[in-house]
Amino acid sequence: MSFDAARLANAATAALRAYDPGHDLPALRRLHGAALAELGSNENPLGPSPLALAAARDSLAEAFRYPDPKGAALKRAIAGHLGVAASRIALGNGSHELLMLIGQCFAEAGGSIVHSQYGFAVFPIAAAVAGARAIGVPALPADHPHMPYGHDLPAIAAAVEAGTRIVFLANPNNPTGGWFDDDTLDALLERVPASTLVVVDEAYQEFVDGAGPRSALRLIDRHPNLIVTRTFSKAYALAGLRVGYLIADPGVVEVIERLRESFNVNGPALAAAEAALGDAGHLRRVRDWTLAERAWLAGELSVRGYRVLPSQTNFLLIDLGEDAAALEAALFARAVIVRPMGGYGLPHTLRISVGSREENLRLLAALPS
Ligand SMILES: *Cc1c(COP(=O)(O)O)cnc(C)c1O
């Protein structure tokens, strides 16, 4: 009999497919060098704080030792930064790992999780890993006056069943860039039973301006079933080091700690993240620059006739109203990488990260006139 590993996969894993990274970026970098405009992964083109880089470099002298399994120094720094107790914080190898851990620890085979259509792709995978059913709630319509493709929070609250263990929300959301208002989150948390955890993924919180939502952290004392996730990958520009964190009730953190791999965040990452938090000036420059560049790029795309969705993130979703594959291919041919959204059920849109001014100009020049 021949060996077929796929048939050995357990029921939860059998239902999954591996992450599709899109293009082979290492090969494209070798091919194009500095001429490649990488606008597909929402990375921060300004790069990390020099203090973070120096801390990571210094920590390499200790790389023969295991890192601090508790990440105590980074937790203290985050706690001080946010004004919460360190016992409320768990660290992850990126916030992606934490979302998966939440699924593994709290989703239940035979039960469900609730998420939004066009929400972050990791959410249903975090359900599948536990054999839970993912209930996808239809998003707001494409022609919604304020938030096309946005999360419909009343409908999400209504979709919660007796066996729903987790509601996953992203605010602002990837891939749409949109958000939901503070009062709709308040109402959802009042309605959802305490036996259902509500996860608010705030990977882009640092890019929110006065028009956008306040952090759900303001509700953390009132609702012990609320979990907020954050990352150092976007505004802090440490995507390659893999550090994220969550803020939750200490009891939730205690459960997650049971399954968390002891050394999940490596030494250079712990050191860099702590130093990055200490460089408030760098974060302010990143934020000010990104918000200005986002507005400029949205304007440039709009005057060229593209429908640009509202964004409180470091990327823009453009809606072509027709299949976007041809435009994506035309940009690719000119070494401009953007993200096609067919996998999200939005094949008529493209997600474009706010790159450096030079990259953004190359994008604009590569658009067909
Ligand atoms: C980029 C992103 C993350 C961050 O992932 P990391 O694993 O921390 O790099 C989390 N959630 C959303 C919605 C994102 O877009």
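We count ligands from 1, going down the list as the structure has it; atoms in each ligand are counted the same way. Quick caveat, the model's predicted, so the values are computed rather than measured.
With F106 as the aromatic partner, R165 does not meet the cation-pi criteria of under 6.0 angstrom to the ring centre and within 45 degrees of the ring axis.
A donor-acceptor pair is defined here as one N or O able to donate and one able to accept, closer than 3.5 Å; such a pair exists between the side chain of N10 and the backbone of T13. Looking at N225, its side chain never comes within 3.5 Å of a backbone N or O of V198 through a donor-acceptor pair.
The pair R29-E38 counts as a salt bridge, with a side-chain nitrogen and a carboxylate oxygen less than 4.0 angstrom apart. Under a 4.0 Å N-O distance rule, the pair D186/R222 does not qualify as a salt bridge. Classification of E202 and K234 as a salt-bridged pair fails, no side-chain N sitting under 4.0 Å from a carboxylate O. Under a 4.0 Å N-O distance rule, the pair E257/R260 qualifies as a salt bridge. A salt bridge does not link R30 with D24: every distance from a Lys NZ or Arg NE/NH1/NH2 to an Asp or Glu carboxylate oxygen is 4.0 Å or more.
Proximity to K234 (heavy-atom distance under 4.0 Å) selects the following atoms of ligand 1: 1 (C), 2 (C), 3 (C), 4 (C), 14 (C), 15 (O). Heavy-atom contacts of N174 reach the following atoms of ligand 1: 13 (C), 14 (C), 15 (O) (cutoff under 4.0 Å). Applying the 4.0 Å criterion to heavy atoms of R242 picks out, from ligand 1, the atoms 6 (P), 7 (O), 9 (O). Numbered from 1 in the order shown, with element, the atoms of ligand 1 that lie under 4.0 Å from a heavy atom of A203 read 2 (C), 3 (C), 10 (C), 11 (N), 12 (C), 14 (C).
At a 4.0 Å heavy-atom cut-off, ligand 1 touches S233 through the side chain alone. Residue contacts with ligand 1, taken as heavy atom pairs separated by less than 4.0 Å, do not involve E97 at all.
Look at N42 and you'll find every heavy atom at least 4.0 Å from all atoms of ligand 1. Residue contact check for ligand 1: Y204 places a non-hydrogen atom closer than 4.0 Å to it. Contact between G94 and ligand 1 is present, with at least one heavy atom of the residue lying under 4.0 Å from the ligand.
Looking only at atom types and distance, the side chain of T349 has no donor-acceptor partner in the side chain of D319 under 3.5 Å away.
Inclusion of N93 in the set of residues having an N or O under 3.5 Å from an N or O of ligand 1 is not warranted.
Nearest protein neighbour of atom 11 (N) of ligand 1, counting heavy atoms only, is D201 OD2, 2.6 Å. For atom 5 (O) of ligand 1, the nearest protein heavy atom (residue, atom name, distance) is S95 OG, 3.4 Å. Among protein heavy atoms, atom 8 (O) of ligand 1 sits closest to T231 OG1, 2.5 Å.
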